[in-house]
2 protein chains.
Amino acid sequence: MTLQLEGWFARRGDTPLGDHCGIDRTMQLVGNRTSMLLLREAFHGTTRFDALHRRVGVTEAVAAQRLKELVAAGVLTKEPYREPGQRTRHEYRLTEAGHALLPIVIALLEWGGRYTPSEFGPSRLTHADCGAPAHVEIHCEAGHAVPEEDLVVRAPHDR
Amino acid sequence: MTLQLEGWFARRGDTPLGDHCGIDRTMQLVGNRTSMLLLREAFHGTTRFDALHRRVGVTEAVAAQRLKELVAAGVLTKEPYREPGQRTRHEYRLTEAGHALLPIVIALLEWGGRYTPSEFGPSRLTHADCGAPAHVEIHCEAGHAVPEEDLVVRAPHDR
DNA sequence: ATTCTGGCTATGGCATCCAATAGTCAGCCT
DNA sequence: AGGCTGACTATTGGATGCCATAGCCAGAAT
């Protein structure tokens with residue numbers, strides 16, 4: 001009913017993992033509501049400060065602060081651009097590391113849609129090519145869907 | 001380079017989504033470091049208060065508070081049990097909704113392992129049945145892996 | 001009867017997150 | 001020249017998250 005642990009994960013005592021755990025490090029970087037919602041907007045294609053802060057529904061001060069952190073964390077870039085006849089502005093775009101956050105964002109979206117009540121239904125995810133419903137899943141490189149009890153977590157450099 | 005939006009998502013102005021967004025609701029329930037780490041331990045099979053608070057590395061007061069919230073959110077249950085010759089204790093176990101958080105937790109783990117520096121390497125995930133490396137992916141029900149640009153997000157009850 | 005352990009609760013304080021309000025600055029528009 | 005807009009910065013204040021320390025209570029062990 002739970003994961004299978006290997007390496008020293010399996011026989012550790014009560015010592016906390018602390019920064020050795022990727023979950024912890026990820027949560028410290030992007031584990032707050034505003035950052036996740038800003039990332040949602042970035043995945044929706046929103047690039048400008050004004051739209052970002054408005055669509056997330058947060059004050060400008062907070063949006064500016066979180067965006068600065070996300071740029072520092074390397075998940076967004078702030079790049080100058082100019083539309084013809086406009087002055088130079090900046091746009092926020094996902095880096096490769098930022099794009100790699102998609103499974104987290106979609107997993108949050110799916111879980112919320114399924115397990116938290118809302119007067120509106122959940123968003124539906126589909127594959128553009130074939131139209132079939134899409135979901136976040138754990139898959140192995142041999143192509144199998146991996147259920148929780150078949151997932152092995154091996155601690156780094158085994159000892 | 002971004003998601004494909006359908007329904008009113010595609011043509012909304014600058015109105016914030018607020019609680020209509022599952023990401024937001026999920027973050028409000030479990031979007032903090034301690035809750036995620038407690039969930040990590042739950043997936044590792046840890047059920048007792050003492051072990052949970054020690055292995056997460058958080059004070060008892062905070063652990064008690066977060067566990068209470070997780071139970072209230074319906075992702076953990078607190079059930080009495082007794083070992084022979086021991087007094088009644090309580091164990092914290094994942095509910096079905098709790099187990100459904102696994103993709104979020106694993107996605108956080110994978111991203112942290114790949115994009116945040118650590119003196120130790122990342123944890124390795126494998127499929128117990130075939131031994132192949134495993135990852136969190138977005139898949140459609142027809143069996144295709146869905147890249148970001150082919151993922152369609154349709155707003156609830158299209159209008 | 002006293003001690004010990006597991007599982008908490010209580011208190012105080014510091015830090016972070018957020019809202020609300022106000023102000024700044026650059027440059028286009030009139 | 002003055003106003004407007006986009007993109008911020010600054011300040012105040014409240015709520016939440018966390019730590020550290022201390023205390024409480026039930027029931028087994030002694």
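Since the model is a prediction, treat every value here as computed from it, not as a measurement. Values reported hereafter were calculated over all heavy atoms of this structure, with side chains retained and with hydrogens, waters and symmetry mates removed. Lettering follows sequence order; numbering is per chain, from 1.
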- Item | Spacing of CZ belonging to A:Arg25 relative to CG belonging to A:Leu17, to within rounding of 0.5 Å | 10.5 Å
- Query: Roughly how many Å is it from CG in B:Leu76 to P in C:dG7, rounded to a whole number?
  - Reply: 15 Å
- Item | Polar contact flag, side-chain donor to acceptor under 3.5 angstrom, A:Glu141-B:His135 | yes
- Task: Say whether A:Glu137 and A:His139, considering side chains only, have a donor N or O and an acceptor N or O under 3.5 Å apart.
- Result: yes
- Query: Rounded to whole angstrom units, what separation is found between the CG atom of B:Leu67 and the P atom of C:dT9?
  - Reply: 10 Å
- What does A:Gly31 touch in the nucleic acid at a heavy-atom separation under 4.0 angstrom: a base, only the sugar-phosphate, or nothing? nothing
- Item | By side chain to side chain contact (heavy atoms under 4.5 Å, CB included) - contacts of B:Thr47 (at least two apart) | B:Glu91, B:Arg93
- Query: To the side chain of B:Thr59, which of C:dA20, D:dC19, C:dC18 is closest?
  - Reply: D:dC19
- Proximity to the side chain of A:Arg33 - top-ranked nucleotide from C:dC18, C:dA10, D:dC18: C:dC18
- Message: How many whole angstroms separate atom CD of B:Gln65 from atom C1' of D:dC18?
- Response: 11 Å
- Give the rounded distance in Å between these two atoms: CG of B:Asp24 and C1' of C:dC18. 13 Å
- Query: D:dC18 P sits how many Å from B:Leu38 CG, rounded?
  - Reply: 9 Å
- Message: Closest-nucleotide mapping onto DNA chain C: is A:Val58 or B:Lys78 further toward the 5' terminus? I mean the 5' end.
- Response: B:Lys78
- Note on the structure: Quick note, B:Tyr92 side chain, CB onward, closest among D:dG17, C:dC8, C:dG6 is C:dC8
- Check: A:Gln28 and B:Arg33 side chains under 4.5 Å, non-hydrogen atoms: yes
- Item | Between C1' of D:dA15 and CD of B:Gln28, the distance in whole Å | 13 Å
- Query: For D:dC18, does OP1 or OP2 lie under 4.0 Å from any side-chain N or O of B:Thr34?
  - Reply: yes
- Message: Output the rounded distance in Å from NE2 (A:His90) to P (D:dT9).
- Response: 11 Å
Any protein N or O atoms within reach of nucleotides 23-25 of chain C? Criterion: under 3.5 Å, listing atom names and distances.
none

- Item | Donor-acceptor pair, side chain of A:Thr77 and main chain of A:Glu79, under 3.5 angstrom | no
- Task: Have a look at A:Ala61 and say if it touches a base, only the backbone sugar-phosphate, or nothing, with a 4.0 Å heavy-atom cut-off.
- Result: base
- Note on the structure: When rounded to the nearest 0.5 Å, the distance separating CG of A:Leu109 from CD1 of B:Ile104 is 10.0 Å
- Message: Is A:Lys68 close enough to D:dA7 that one of its side-chain N or O atoms is under 4.0 Å from OP1 or OP2 there?
- Response: no
- Task: Taking side chain to side chain contact (heavy atoms under 4.5 Å, CB included) as the test, write out the residues that go with A:Val71, two or more places apart.
- Result: A:Leu76, A:Lys78, A:Tyr92
- Query: Residues two or more places apart in sequence or in another chain: which of them pass salt bridge (charged side-chain N to carboxylate O under 4.0 Å, His left out) with B:Arg55?
  - Reply: A:Asp14, B:Glu41
- Starting at CZ of B:Arg48 and ending at C1' of C:dG7, how long is that distance when rounded to a whole Å? 10 Å
- Distance check: side-chain N/O of B:Arg66 vs OP1/OP2 of D:dG17, anything under 4.0 Å? yes
- Message: If the condition is salt bridge (charged side-chain N to carboxylate O under 4.0 Å, His left out), which residues does A:Arg40 pass it with, not counting sequence neighbours?
- Response: none
- Task: Under 4.0 Å from any atom of DNA chain C, heavy atoms only: list the residues of residues 49-56 of chain B that qualify, in numerical order.
- Result: B:Phe49, B:Asp50
